[in-house]
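Working notes, beginning with the structure itself.
Here the structure is a predicted model, which means the values were calculated and not measured. Read the numbers this way: they start at 1 and go in the same order the structure lists the ligands and their atoms. Note that the numbering runs from 1 along the sequence shown for the chain.
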Amino acid sequence: MKKIAIFASGSGSNAENIIRFFENDARNQVVGVFCNKPDAYVLVRAERLGVPAFVFGRDDFYRTGAVSDKLKALGVDLIVLAGFLWKVPDDILADFPNRVINIHPALLPKFGGKGMYGERVHRAVIAAGEKESGITVHYVNGRYDDGAAIFRAVCSVAPDDTPETLAAKVHALEYAHFPQVIKEVADNL
Ligand code: GAR
């Protein structure tokens with residue numbers, strides 16, 4: 001059984017979708033939700049779904065090794081960033097080579113980088129007059145939104161799209177594809 005840890009900072013609708021997907025998977029299991037925001041709604045979702053949650057601060061992540069220790073204690077095989085906004089420290093990336101993946105709500109390399117998350121991404125896509133957006137699942141390296149792409153899916157951007165309507169289209173792509181992409185990566189570890 002491969003063990004998956006989900007990192008999330010906010011609402012956690014992807015986290016919930018991933019947890020539900022793997023409830024019926026014989027080969028992979030979500031063993032924990034890691035969250036850097038004590039009031040994030042993802043923690044409510046994790047509790048309802050019966051998945052242990054771990055709330056951590058900057059020191060736990062970047063200085064003391066507490067997050068890294070917890071990942072190792074749980075025997076985590078794959079780390080999935082699903083709306084997680086902090087940069088993953090080098091020691092964790094070194095301990096989990098090609099085992100940290102992220103979803104970005106646009107077609108990288110466009111509209112990525114520090115500060116590009118959630119609604120800000122959709123606002124920038126519309127402001128740039130793009131005709132298409134979508135999702136990119138990629139390996140995580142030491143730079144924001146920079147690692148090798150694993151999967152992309154595309155949606156159209158209509159002239160009357162707002163950040164909210166575009167977010168809804170992108171979320172639909174995320175829900176439809178991200179769990180299956182995670183499964184393929186996990187199954188091939
Ligand atoms: C998702 O759209 C995800 O792609 C994005 O945050 C949203 C989280 O939604 N991630 C980023 O922008 C990372 N740069 P959720 O909390 O409802 O899953």
Problem set entry | Flag side-chain contact, heavy atom, 4.5 Å: Phe111 against Glu130 | yes

Problem set entry | Closest protein heavy atom (residue, atom, distance) for atom 13 (C) of ligand 1 | Ile103 O, 4.0 Å

Seminar exercise, completed: re atom 6 (O) of ligand 1, the protein heavy-atom contact at minimum distance is Gly83 CA, 3.7 Å

Seminar exercise, completed: Within 4.0 Å of some non-hydrogen atom of His104, the atoms of ligand 1 are 14 (N)

For this session: May I ask you to check if ligand 1 and Gly10 share an N or O to N or O distance below 3.5 Å?
Result: no

Exercise. Nearest protein heavy atom to atom 12 (O) of ligand 1, by residue and atom, and its distance?
Worked result: Gly118 N, 2.9 Å

For this session: Would you check if the side chain of Lys3 reaches a backbone N or O of Asn28 as a donor-acceptor pair within less than 3.5 Å?
Result: no

For this session: Write out the residue and atom name of the closest protein heavy atom to atom 17 (O) of ligand 1, then the distance separating them to 0.1 Å.
Result: Ser13 OG, 2.5 Å

Problem set entry | Ser156 vs Glu132 side-chain heavy atoms within contact, under 4.5 Å | no

Problem set entry | Thr64 versus Asp59, side-chain donor and acceptor atoms under 3.5 Å | no

For this session: For Gly12 and ligand 1, answer yes if some heavy atom of the residue is under 4.0 Å from a ligand atom, otherwise no.
Result: yes

Problem set entry | ligand 1 to Asn14 polar contact by distance, N or O atoms, under 3.5 Å | yes

Problem set entry | Met116 side chain reached by Tyr144 side chain, heavy atoms, under 4.5 Å | no

Exercise. So which of Ala15, Pro105, Ala167 gets nearest to atom 11 (C) of ligand 1, if we judge by its closest heavy atom?
Worked result: Pro105

For this session: Would you tell me whether Tyr175 and Ser13 have side-chain atoms, one donor and one acceptor, within less than 3.5 Å of each other?
Result: yes

Problem set entry | Subset of ligand 1 atoms that lie under 4.0 Å from at least one heavy atom of Ser11 | 16 (O), 17 (O)

For this session: Check whether any side-chain N or O of Asp145 sits under 3.5 Å from a backbone N or O of Gly113 as a donor-acceptor pair, and report yes or no.
Result: yes

For this session: Indicate, as side chain, backbone, both or neither, the part of Met116 found under 4.0 angstrom from ligand 1 when only non-hydrogen atoms are considered.
Result: backbone

Exercise. So if you build clusters from Ile, Leu, Val, Met, Phe, Trp, Tyr with side-chain heavy-atom gaps below 4.5 Å, do Phe22 and Val76 land together?
Worked result: no

Exercise. Any non-hydrogen atom of Val170 lying under 4.0 Å from ligand 1?
Worked result: no

For this session: Would you check the N or O atoms of Glu174, main chain and side chain alike, for any that come under 3.5 Å of an N or O of ligand 1?
Result: yes

For this session: Would you mind checking which non-hydrogen protein atom is closest to atom 9 (O) of ligand 1, with the distance to 0.1 Å?
Result: His171 NE2, 3.4 Å

Exercise. Given the rule that I, L, V, M, F, W and Y join up when any side-chain heavy atoms are under 4.5 Å apart, are Leu43 and Leu85 in one cluster?
Worked result: no

Exercise. How are the rings of Phe151 and His177 set relative to one another: parallel (under 30°), tilted (30 to 60°) or perpendicular (over 60°)?
Worked result: tilted

Problem set entry | Min N/O separation Ala82 to ligand 1 under 3.5 Å | no

